[in-house]
Amino acid sequence: MAVQRVAIAIHEGVQALDVAGPVDVFAETNGFVPAGNGYETVLVGAGCEPLRASNGMKISADLSFAEAQEKFDILLVAGGPALPDAAPDPELTQWLRGAPARAELYGSICTGAFALGHAGLLDGHKVTTHWQNAQLLAARFPAAEVIFDRIYIRDGQLMTSAGVTAGIDLGLALVAERHGPQVAVAVAKRLVVVAQRQGGQSQFSPYLTAPVDEDSPIARAQAHVMQHVGERHTLQSLAEAVGMSVRNFGRAFAQETGITPHEFVERARVDAARRLLEGSDRPLKAVAFDCGFGSADRMRIVFTERLGVSPAQYRASFRKL
């Protein structure tokens, strides 16, 4: 093995943890592998003058885009809160376009996926980003297959990660791939993080979003479900609750929300159960009954399918102190 060179592209408004997370993973790995087998990380930007991160911290690049023309083993671009809505940065975009030829592996942390998209590097690939921005990424770059519920995705030469701290997961995955899981676990313990998280991003994101028109019959139906989440709901009972025919209600619900009434009911039950698991000590059977699952077994099946973790695992991870 030889030292792997890692380049991380930064920009004005970059998320500091998108940069520091992977950098610390690679730096800590150097203490667990033989000398000369670790990583050398450089930050690359439009220039080497200090940039202001989104949290106000100043970060300086080691190399400018013009200087960083050599080959790297790993090339990543960090995200930033403003990146999804910002116009493409011409210098960053141009530098990233050379990533497939310049690096054995290239990718993004968090919303850095938008910068890759502007460079044409997402097309034809399975990718992910922060759960809050995944819908926009899919709409803006329709030639990419955006997977909403993954912490990170490796698709050939391309690797993308979910939001912020997921850059640590991405770094640990690369360490495990090259040096084995024992080294990755040792680094994770050093950083006081888990080596491989259970479940996907859905456990960190709300399933339900507010309707566009809060006074519409569909919004009233949604409110009815959430106020009576433990009860049985059918297409007919929901249509009757808002004074609509079953056919018109089902069609209008799907048009306004993009999902079926049945899907909404199940999402409402999951979110209600999550709140109880986070904020109470109620037994799992009681939570399942109160939220309309009927049984703890049924709730476990739904949680595992939708969140990738069981209710007990969810409570252990997110219980409020």
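The aromatic rings of Tyr39 and His179 sit perpendicular, their planes meeting at an angle over 60°, well past the 30° parallel limit.
Summarising the geometry of Val44 relative to Trp95, their closest heavy-atom pair is CG1-CZ2, 4.0 Å, with the distance given to 0.1 Å. Listed here is the closest heavy atom pair of Val270 and Phe293: N-CZ, 3.8 Å. Closest of all the heavy-atom pairs between Arg282 and Leu276 is CD-CD2, 4.5 Å. Across every non-hydrogen atom of Pro81 and Gly13, the tightest pair is CD-O, 3.6 Å. The minimum heavy-atom distance linking Ala46 with Ser64 is given by the pair O-CB, 3.8 Å. Between Pro84 and Asn133, the shortest heavy-atom contact is CG-ND2, 3.5 Å.
Ala241 is linked by a side-chain contact (heavy atoms from CB on, under 4.5 Å) to His224, counting only residues two or more places apart in sequence or in another chain. Checked against side-chain contact (heavy atoms from CB on, under 4.5 Å), Ala312 has the following partners two or more places apart in sequence or in another chain: Leu284, Ser310. Every residue was checked against the salt bridge (charged side-chain N to carboxylate O under 4.0 Å, His left out) condition with Glu49, not counting sequence neighbours, and none meets it.
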> For Glu256 and Ser216, what are the C-alpha separation, side-chain angles and deciding distance, and is it a side chain to side chain contact (heavy atoms under 4.5 Å, CB included)?
Replying inline: CA-CA 10 Å; Glu256 187 166 326; Ser216 71; 3.0 Å; yes
> Could you walk me through whether Glu12 and Arg52 pass the side chain to side chain contact (heavy atoms under 4.5 Å, CB included) check?
Replying inline: CA-CA 6 Å; Glu12 193 71 28; Arg52 187 73 69 175; 3.1 Å; yes
>> Apply side chain to side chain contact (heavy atoms under 4.5 Å, CB included) to residues Leu174 and Met159 and explain how you reach the verdict.
In response: CA-CA 10 Å; Leu174 292 175; Met159 193 167 191; 3.5 Å; yes
> After noting the C-alpha distance and the side-chain angles of Glu104 and Arg5, does the key distance pass the salt bridge (charged side-chain N to carboxylate O under 4.0 Å, His left out) rule?
Replying inline: CA-CA 10 Å; Glu104 293 182 14; Arg5 296 201 73 211; over 6 Å; no
>> Show, in sequence, the C-alpha distance, side-chain angles and deciding distance for Glu40 and Gln4, and conclude whether the side chain to side chain contact (heavy atoms under 4.5 Å, CB included) test is met.
In response: CA-CA 6 Å; Glu40 175 190 323; Gln4 283 205 327; over 6 Å; no
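Note: the hydrophobic cluster containing Val246 also contains Val225 (ILVMFWY, side chain heavy atoms under 4.5 Å, direct or indirect links). Placement of Ile259 and Ile218 within a single hydrophobic cluster is found when ILVMFWY residues are connected by side-chain heavy-atom separations under 4.5 Å, directly or transitively. Each of Val229 and Tyr314 belongs to its own hydrophobic cluster when Ile, Leu, Val, Met, Phe, Trp and Tyr are linked at side-chain heavy-atom distances under 4.5 angstrom.
The shortest side-chain heavy-atom distance between Leu238 and Phe253 does not fall under the 4.5 Å cut-off. Put simply, the side chain of Pro311 does not reach to within 4.5 Å of the side chain of Val287, judged on heavy atoms. Here the side chains of Val242 and Gln222 are not in contact, with every heavy-atom distance at 4.5 Å or above. For the pair Leu137/Val127, a side-chain contact is recorded, criterion being any heavy-atom separation below 4.5 Å from C-beta on. Residues Val146 and Phe141 have side chains not in contact (no heavy-atom distance under 4.5 Å, counting atoms from C-beta outward). You'll find the side chain of Phe303 reaches within 4.5 Å of the side chain of Leu277, heavy atoms only. Between Pro22 and Ile8 there is a side-chain heavy-atom pair separated by less than 4.5 Å. Proximity of Met299 to Val302: side-chain heavy atoms (C-beta onward) are nowhere separated by under 4.5 Å.
Side-chain atoms of Asp169 do not come within 3.5 Å of backbone N or O of Ile151 as any donor-acceptor pair. Panel note: side chain Arg97, backbone Ala99; no donor-acceptor pair is recorded below 3.5 Å. With hydrogens and angles disregarded, a donor-acceptor distance shorter than 3.5 Å links the side chain of Thr128 to the backbone of Ile147. Listed for the Thr111 side chain is no donor-acceptor partner under 3.5 Å among the backbone atoms of Leu83. With hydrogens and angles ignored, the 3.5 Å screen pairs no side-chain donor or acceptor of Asp155 with any backbone N or O of Leu158. His130 places a side-chain N or O within donor-acceptor distance of the main-chain N or O of Gln132, the cut-off being under 3.5 Å. Within the 3.5 Å criterion, the main-chain N or O of Phe65 finds a donor-acceptor partner in the side chain of Gln69. Arg269 places a side-chain N or O within donor-acceptor distance of the main-chain N or O of Cys291, the cut-off being under 3.5 Å. No side-chain donor-acceptor contact under 3.5 Å links His262 to the backbone of Thr234. Formation of a donor-acceptor pair under 3.5 Å by the Asp62 side chain with backbone atoms of Leu43 is found in this model.
We find the CZ-CD distance between Arg267 and Glu263 to be 4.5 Å, quoted to the nearest 0.5 Å. Atom CD of Glu67 and atom SG of Cys48 lie 5.0 Å apart (nearest 0.5 Å). For the atom pair Leu96 CG and Tyr106 OH, the distance stands at 10.5 Å (nearest 0.5 Å). Ile59 contributes atom CD1, which lies 10.0 Å from atom CD of Gln15 (distance to the nearest 0.5 angstrom). Taking CZ from Phe114 and CG from Leu122, the interatomic distance works out to 9.0 Å, rounded to the nearest 0.5 Å. Taking CG of Asp85 as the reference point, atom CG of Leu136 lies at 6.0 Å (rounded to 0.5 Å).
The environment of CD in Gln135 is sparse: at most 12 heavy-atom neighbours from other residues, nucleotides or ligands sit within 6.0 Å. By the 6.0 Å contact criterion, CD on Gln157 is enclosed, its count of non-hydrogen atoms from other residues, nucleotides or ligands being greater than 12. By the 6.0 Å contact criterion, CD on Gln182 is open, its count of non-hydrogen atoms from other residues, nucleotides or ligands being 12 or less. The environment of CZ in Phe289 is sparse: at most 12 heavy-atom neighbours from other residues, nucleotides or ligands sit within 6.0 Å.
Salt bridge present: Arg298 and Glu266 bring a charged side-chain N and a carboxylate O closer than 4.0 Å.
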